[in-house]
Amino acid sequence: MRGRPRGRPPRITRPAIADAALAVGFDNLTLATVADRLQVAHSALYRHVADREELVMVAIDRAVAAVAWPEPTGEWRSDLEAQAAALWHLLEGHPGLIKEFLRLTRFPEQVMLRFGAAVRRLIDCGFTVENAFLAADTVFDLTIDVFSRGKQLDAPAGASVVRDSTADAWAEAVGAELAPIMRQALTDPAATWFDRKLKLVLDGVAASLAPP
């Protein structure tokens, strides 16, 4: 018995749309630029994504799924450090992603799955459910917050960037004793201070949330 005749294969799929969106880049991401990348009509995308926000979510899902997330080591601190580093590199590798992520009204599925996996790792290491959730949430929030703050400081401000144009004002506001530290904080890359803050947070997790 002959099977049903096959129709023409679809010219685009959601994975293809996601790949095109990542190739275009978040800073230039619109339905039109993705359609141009795929060489299809703009209207064809609406059969797969409802609007630009869904397009962003599809792209973020694809980016998160493509990350080589570190395997569990059984040591909670190493696991959290490695996952924070992987998240930081993900944000670095896709300019504009952090800006898009912070204005979403829904969360991409892969982001939620990754967070759930991080919490379960801590539970496997002996954390209570509540403490595992709080520890993972704090580390993920810290990573996103410090990264986005760094991007704010690197934003253009006239002929300079925010971190340089505001250095004198910050130094004057905090006073002579703190001014050198403030200038150093504005000079160092955001990743430097992220490492120091992450260590402080993990010390706190070890003292108050981790199992004996």
Side-chain angles (χ1 to χ4, degrees), residues 4-70 80 82-121 132-134 136-158 161-163 190-191 194:
R4 296 177 60 184
R6 294 183 179 179
R8 294 179 60 188
R11 295 184 62 190
I12 54 174
T13 61
R14 280 174 71 92
I17 291 171
D19 288 339
L22 293 177
V24 166
F26 288 97
D27 286 334
N28 301 307
L29 188 57
T30 66
L31 289 164
T33 56
V34 171
D36 287 345
R37 176 83 184 184
L38 292 169
Q39 296 184 323
V40 298
H42 180 206
S43 58
L45 297 185
Y46 287 108
R47 291 195 291 270
H48 303 274
V49 291
D51 50 29
R52 185 182 182 278
E53 183 176 58
E54 187 173 359
L55 178 62
V56 170
M57 291 179 63
V58 166
I60 292 176
D61 264 341
R62 193 70 161 174
V64 173
V67 171
W69 294 98
L80 277 179
Q83 290 178 87
L87 176 56
W88 186 277
H89 292 316
L90 168 67
L91 296 173
E92 272 189 329
H94 295 280
L97 188 159
I98 187 64
K99 179 177 63 178
E100 296 291 352
F101 179 76
L102 291 176
R103 64 188 183 192
L104 286 176
T105 61
R106 296 168 286 166
F107 288 99
E109 181 182 21
Q110 287 295 324
V111 171
M112 295 186 287
L113 292 175
R114 176 47 45 192
F115 176 75
V119 174
R120 285 190 294 274
R121 284 191 189 185
F133 183 94
L134 179 58
D137 191 48
T138 300
V139 169
F140 276 53
D141 278 353
L142 175 71
T143 308
I144 291 169
D145 181 64
V146 176
F147 187 90
S148 61
R149 188 69 66 193
K151 288 302 177 185
Q152 180 187 28
L153 292 175
D154 289 333
V161 294
V162 172
R163 67 172 68 246
F194 171 64

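In this text the structure is predicted, and so the values were computed from the model without any measurement.
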Determine whether K99 and F26 satisfy the following criterion, side chain to side chain contact (heavy atoms under 4.5 Å, CB included), listing intermediate values before the conclusion.
CA-CA 9 Å; K99 179 177 63 178; F26 288 97; over 6 Å; no
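- At distances below 3.5 Å, not a single donor-acceptor pair connects side-chain atoms of E100 with backbone N or O atoms of V56.
- Atoms CG and NZ, on L97 and K151 in that order, are 11.0 Å from each other to the nearest 0.5 Å.
- Of all heavy-atom pairs spanning D154 and R163, the tightest one is OD1-NE, 2.8 Å.
- Nearest heavy atoms, A84 versus V139: CB-CG1, 3.9 Å.
- When the side-chain hydrogen bond (donor to acceptor under 3.5 Å, both in side chains) test is applied to R114, no partner is found at least two apart in sequence or on another chain.
- Here the closest non-hydrogen pair linking D61 and V111 is OD1-N, 4.2 Å.
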Start with the C-alpha distance between F101 and I144, add both sets of side-chain angles, then the distance that settles side chain to side chain contact (heavy atoms under 4.5 Å, CB included), and finish with yes or no.
CA-CA 10 Å; F101 179 76; I144 291 169; 3.8 Å; yes
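- Put simply, CG on L55 and CD1 on I17 are 7.5 Å apart, with the number rounded to the nearest 0.5 Å.
- Classification of the F115-F140 ring pair by plane angle, with boundaries at 30° and 60°, yields perpendicular.
- Atom CD1 of I60 sits about 11.5 Å away from atom CD of Q110, to the nearest 0.5 Å.
- Across all non-hydrogen atoms, the minimal contact from A157 to V162 is CB-N, 3.9 Å.
- A donor-acceptor pair is defined here as one N or O able to donate and one able to accept, closer than 3.5 Å; no such pair exists between the side chain of R37 and the backbone of A21.
- For the pair V49 and R14, the tightest heavy-atom approach, listed with the atom from each and the gap, is CG1-NH1, 4.0 Å.
- In this structure, CG on D51 lies 12.0 Å from CG on L45, to the nearest 0.5 angstrom.
- Applying the 6.0 Å contact sphere to CD of E109 captures no more than 12 heavy atoms from other residues, nucleotides or ligands.
- Residues P108 and V64 fail the side-chain proximity criterion, which asks for heavy atoms closer than 4.5 Å.
- Between H48 and E54 there is no side-chain heavy-atom pair separated by less than 4.5 Å.
- Nearest heavy-atom pair, R103 versus E53, reported as atom, atom and distance to 0.1 Å: O-OE2, 4.3 Å.
- In this structure, the separation between CD on Q83 and CG on L87 is 9.5 Å, given to the nearest 0.5 Å.
- To the nearest 0.5 Å, the span separating CZ on F147 from CD1 on I98 amounts to 6.5 Å.
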